Structure formats: C-alpha cells, structure tokens
Amino acid sequence: MSRLPTKRQGQYYWEATLKVTTFEGAHNPPYRYYTITFTSLFSEQPKVLNVQRTLKS
C-alpha cells in the first residue's frame, strides 16, 4: 500500500493507492511499475480512480 489518506470523522468512504512492480521472467529486473488508486466514493463496490504505468529505466 503506497498511500491510504485519513478522512474526516463522518466520511464513510475510503481511497487507497497500490504500487505494483511487474517482472518478465523469474530472474529479470523489474519491467514496469503500476500505481493504481481505488475508491469507494459514490459506490458500494471499489472503483479504480487512476492507473499510472511507468517503464523501469
């Protein structure tokens, strides 16, 4: 979990950011980084707010 902001008392939704490193092959270095932000705002099911994909340089 990369970021889990605190909401004020009385707010009943959440927002979380997950950072994932992907690989191609068992012994290769990281290939890509994905940062995904989820929320439950205006929904009973989690929804994806944002997806960022960056290459490993």
Side-chain angles (χ1 to χ4, degrees):
M1 193 74 57
S2 174
R3 187 173 66 91
L4 187 60
T6 305
K7 301 297 180 190
R8 288 179 283 154
Q9 186 174 357
Q11 291 180 323
Y12 298 105
Y13 70 94
W14 54 265
E15 186 176 290
T17 302
L18 180 67
K19 185 180 269 187
V20 179
T21 305
T22 64
F23 292 86
E24 271 192 18
H27 302 287
N28 291 334
Y31 181 64
R32 292 186 187 269
Y33 297 111
Y34 283 86
T35 304
I36 308 166
T37 303
F38 300 91
T39 187
S40 67
L41 183 62
F42 304 122
S43 176
E44 292 183 12
Q45 297 293 322
K47 297 207 178 213
V48 175
L49 276 182
N50 186 27
V51 177
Q52 292 178 322
R53 180 177 72 175
T54 56
L55 288 174
K56 171 80 171 145
S57 45

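Since the structure is predicted, the reported quantities are computational estimates derived from the model, not experimental observations.
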Gap separating the OG1 atom of Thr37 from the CG atom of Leu18, nearest 0.5 angstrom: 9.0 Å

From Gln52 atom CD to Ile36 atom CD1, the distance as rounded to the nearest 0.5 Å: 10.5 Å

Test applied, side-chain contact (heavy atoms from CB on, under 4.5 Å); reference residue, Leu49; option that passes from Thr39, Thr17, Leu41: Thr39

Point-to-point distance, once rounded to the nearest 0.5 Å, from OG1 of Thr54 to NZ of Lys19: 7.5 Å

Straight-line distance of Tyr34 OH to Thr21 OG1, nearest 0.5 Å: 11.5 Å

